[in-house]
Student: 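One structure follows; several queries about it will come next.
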Amino acid sequence: MRKKAKGQVALPFEREPGPPVVTIEPGPERDHEVVIALGAWFDGAARDLPWRRTRDPYAIWLSEVMLQQTRVETVIPYFERFLSRFPTVRELALAELDEVLALWSGLGYYRRARVMHLAAREVTEHHAGAFPGDAAALRALPGIGAYTAGAVASIAFDRREPLVDGNVARVLSRLEGIDDDIRSAAGQKLLWQAAARLVPEARPGRFNQALMELGATVCTPRAPRCGACPVSGHCVARATGREEELPVIAPKREVPSVRMVAAVVWAGSRVLLARREEGGLFGGLWEPPMVPSDSIDEARTLLADAGIPATLALHEAGRVRHILTHRRMEVTVARAEVSEAWRCRAKLASPYEKASWLDPSASEVGVSTLARKIVSTASPSAAWAERARR
DNA sequence: AACACGGGGGA
DNA sequence: TCCCCAGTGTT
């Protein structure tokens, strides 16, 4: 095989070792064939998804934000609920952040919800409630990066804008034979160049979605179904037998483990929940107060400092394990009951901003999945189940 | 360039 | 258990 310059797509490719089997001739003609084949395939194979039934930029935007690092099947019910509660950007702008977070509860990456709320207010105030269709203007809104700007501009506004997400990176790295690390700056540059070169003037949104759909359903991370691929005849990876070797992705480091102890204090059906400061982990969400420690004594200290007279009643109710992208959490759950009369104002230090006695099943505020697990472990029914076992 | 930031589904 | 998903923003 001929030597290629770094960062340059080497075409035509030959299968090696051995004689050439397939030759791919790069150029506008091949690009055009890829566009045509992919578009036709998409028309027949596209899944019926809620956000494909609308042209409303607000709904498209909502779907794109929810879909950041999140699977389609996970997003669908959240998208329906959110849109039905906030049908327009104006209604989202007027909402309380706690209610927005409540609707996001369980979806993860909660900053997305906080920032969408901000962006909704910005659109309502500065764009008179109408979304900008220009990629650059979209990019200027908080929470909208290169991908989301390209997606909204091309899908909702028919702008000829490229987009590269995880699916597209995989598809293009194979189709073009890009063997730079797709997460590196160099790899990303090549991918965006390829995407920009390919995206057509006519129906750019359809092409971009076709690329993503192909990555999600055919050009999968493992065991790609090349037999079902509409562009396998144009694929460099296929032609060189490297379908399983691309994309190249640098290995990631291991995640540290953190031990926490949480205090779940019940007063009737209500639990003492604390709201985390906005900005950091689980920002703006409510949870039973917890501290990084292994010992229930630390939870006693936490409650004592907060002015809650439940320290003596606190006992271990179980353990919860929760995996995040960058952290593995092991939480010891301590539980106590106080009479309703003892329900009092609690004052908690950072990372908490305030505390309140709330019904955890009422879902009027945002609660993380970790917090749900903790409350569930320390719920009265769980306690009954525990007693019944003895 | 590295890191923070959730949660879940599939192999 | 590991991978990685319709990524963005900060350091």
Side-chain angles (χ1 to χ4, degrees), chain A residues 42 46-47 49-52 60-79 101 104-116 118-119 138-152 154-156 162-172 181-189 191-192 195 205 207-217 219-224 247 249-256 258 276 278-285 287 320-329 366-373:
Chain A
F42 183 71
R47 290 167 292 177
L49 303 174
W51 44 90
R52 287 187 179 154
I60 305 283
W61 169 55
L62 174 64
S63 73
E64 293 302 342
V65 173
M66 285 188 162
L67 286 162
Q68 289 168 10
Q69 295 291 286
T70 312
R71 291 171 193 285
V72 164
E73 308 76 57
T74 306
V75 165
I76 291 173
Y78 283 88
F79 175 80
L101 287 170
W104 210 273
S105 198
L107 195 55
Y109 285 131
Y110 299 95
R111 188 181 59 181
R112 294 182 294 178
R114 299 196 304 272
V115 165
M116 265 200 84
L118 280 178
L138 285 164
R139 185 75 177 72
L141 288 170
I144 298 190
Y147 164 78
T148 306
V152 174
S154 67
I155 298 170
L163 104 210
V164 175
D165 71 337
N167 284 314
V168 175
R170 184 173 55 256
V171 169
L172 291 184
D181 173 4
I182 61 169
R183 296 218 253 258
S184 71
Q188 282 290 312
K189 186 177 178 187
L191 291 165
W192 279 91
F207 173 78
N208 285 336
Q209 291 185 82
L211 227 34
M212 295 190 282
E213 187 80 358
L214 189 73
T217 63
C219 195
T220 48
R222 281 174 304 259
I249 305 174
K252 50 177 110 173
R253 59 184 176 42
E254 68 177 271
V255 301
V258 179
R276 296 183 66 101
E278 287 169 26
L281 182 64
F282 301 129
L285 273 69
E287 65 186 21
V320 166
R321 168 174 295 192
H322 194 66
I323 314 287
L324 284 61
T325 305
H326 58 300
R327 200 162 310 174
R328 172 189 308 272
M329 305 188 73
V367 177
S368 69
T369 296
L370 169 59
R372 281 187 203 290
K373 286 188 195 172

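Bear in mind that the values here come from a model prediction, so they are computed numbers and not experimental data. A, B, ... follow the sequence lines: proteins, then strands. Residue 1 opens every chain.
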Student: Without decimals, in angstroms, what is the distance between A/Leu138 CG and C/dT8 C1'?
Tutor: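 A/Leu138 atom CG is separated from C/dT8 atom C1' by 15 Å.
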Student: Would you indicate, yes or no, if C/dT8 has its OP1 or OP2 atom less than 4.0 angstrom from a side-chain nitrogen or oxygen of A/Thr148?
Tutor: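 True: A/Thr148 side-chain N/O within range (under 4.0 Å) of C/dT8 OP1/OP2.
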Student: For nucleotides 4-11 of chain B, just jot down a letter per nucleotide in 5' to 3' order: B, S or -, based on protein non-hydrogen atoms under 4.0 Å.
Tutor: SBBBBB--
Student: Specify the residue among A/Asp165 and A/Arg139 whose closest nucleotide of DNA chain C lies further upstream toward the 5′ end.
Tutor: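 Nearest nucleotide further toward 5': that of A/Asp165.
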Student: Name the residue from A/Thr148, A/Asn208, A/Val152 that meets the side-chain contact (heavy atoms from CB on, under 4.5 Å) definition with A/Leu163.
Tutor: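 Between A/Leu163 and the candidates, side-chain contact (heavy atoms from CB on, under 4.5 Å) is satisfied uniquely by A/Asn208.
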Student: Contact class for A/Leu211 (heavy atom, under 4.0 Å): base, sugar-phosphate, or nothing?
Tutor: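 It contacts nothing in the nucleic acid.
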Student: Should the ring pair A/His322 and A/Phe282 be called parallel, tilted or perpendicular, given that the plane angle runs from 0 to 90° and is split at 30 and 60?
Tutor: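 If you compare the ring of A/His322 with that of A/Phe282, the planes turn out tilted.
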Student: Output yes when a side-chain donor or acceptor of A/Arg114 lies under 3.5 Å from a complementary backbone atom of A/Glu278, and no otherwise.
Tutor: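 Looks like no, no N/O pair under 3.5 Å.
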Student: Taking only the C1' atom of each, what is the distance from C/dC3 to B/dG6 in whole angstrom?
Tutor: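 Straight-line distance between the two C1' atoms is 16 Å.
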Student: Grab the CZ-C1' distance between A/Arg170 and C/dC5 for me, whole Å please.
Tutor: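 Interatomic distance, CZ of A/Arg170 to C1' of C/dC5: 9 Å.
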Student: Check whether A/Arg276 reaches the backbone of A/Leu281 with its side chain - one donor and one acceptor, N or O, closer than 3.5 Å.
Tutor: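 Yes, because the side chain of A/Arg276 sits within donor-acceptor range (under 3.5 Å) of the backbone of A/Leu281.
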Student: Suppose you measure atom C1' in B/dG9 against the same atom in C/dT8; what distance do you get, rounded to whole Å?
Tutor: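 Going atom to atom, C1' in each nucleotide, I get 23 Å.
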Student: Write down the distance between CE (A/Met116) and C1' (C/dG7), rounded to a whole number of angstrom.
Tutor: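 Value for this atom pair: 14 Å.
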Student: For the backbone of A/Ile182 and the side chain of A/Gln188, can you confirm whether one donor and one acceptor N or O come within less than 3.5 Å of each other?
Tutor: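 Such a contact is found between A/Gln188 side chain and A/Ile182 backbone.
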Student: Which part of the nucleic acid, if any, lies within contact of A/Trp104, taking any heavy atom under 4.0 Å across all strands shown: a base, the sugar-phosphate backbone alone, or nothing?
Tutor: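 If one applies the 4.0 Å heavy-atom cut-off, A/Trp104 turns out to touch nothing in the nucleic acid.
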Student: What is the distance from CH2 of A/Trp61 to C1' of C/dT8, rounded to the nearest Å?
Tutor: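 Distance check: A/Trp61 CH2 to C/dT8 C1' gives 14 Å.
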Student: Rounded to the nearest Å, what distance is computed from the OH atom of residue A/Tyr147 to the P atom of nucleotide C/dT8?
Tutor: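 The answer, rounded to whole Å, is 8 Å.
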Student: Looking at B/dG6, which nucleotide sits across from it as a Watson-Crick or G-U wobble partner, both distances under 3.5 angstrom, or is there none?
Tutor: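 Per the H-bond distance test, none.
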Student: Within this structure, what is the CD-to-P distance between A/Glu213 and C/dA6, rounded to whole angstrom?
Tutor: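 Whole-Å distance recorded here is 10 Å.
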Student: Does any N or O in the side chain of A/Arg112 come within less than 3.5 Å of the main-chain N or O of A/Gln68, such that one atom is a donor and the other an acceptor?
Tutor: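 Checked: pair present.
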Student: What contact category does A/Ala185 fall into here, base, sugar-phosphate, or nothing, at under 4.0 angstrom with non-hydrogen atoms?
Tutor: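 If one applies the 4.0 Å heavy-atom cut-off, A/Ala185 turns out to touch the sugar-phosphate alone, with no base involved.
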Student: Measure CD/A/Glu254 against P/C/dC4 and give the value in whole Å, please.
Tutor: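 After rounding, the reported distance stands at 17 Å.
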Student: Nearest whole Å is fine: how far is C/dG7 P from A/Glu64 CD?
Tutor: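 Result: 9 Å.
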Student: Can any side-chain N or O of A/Tyr78 pair as donor or acceptor with the backbone N or O of A/Ser105 at less than 3.5 Å?
Tutor: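 Here the side-chain-to-backbone pair exists.
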Student: Taking the P atom of each, how far is C/dA6 from B/dA4, in whole Å?
Tutor: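 Taking atom P in both C/dA6 and B/dA4, they lie 24 Å apart.
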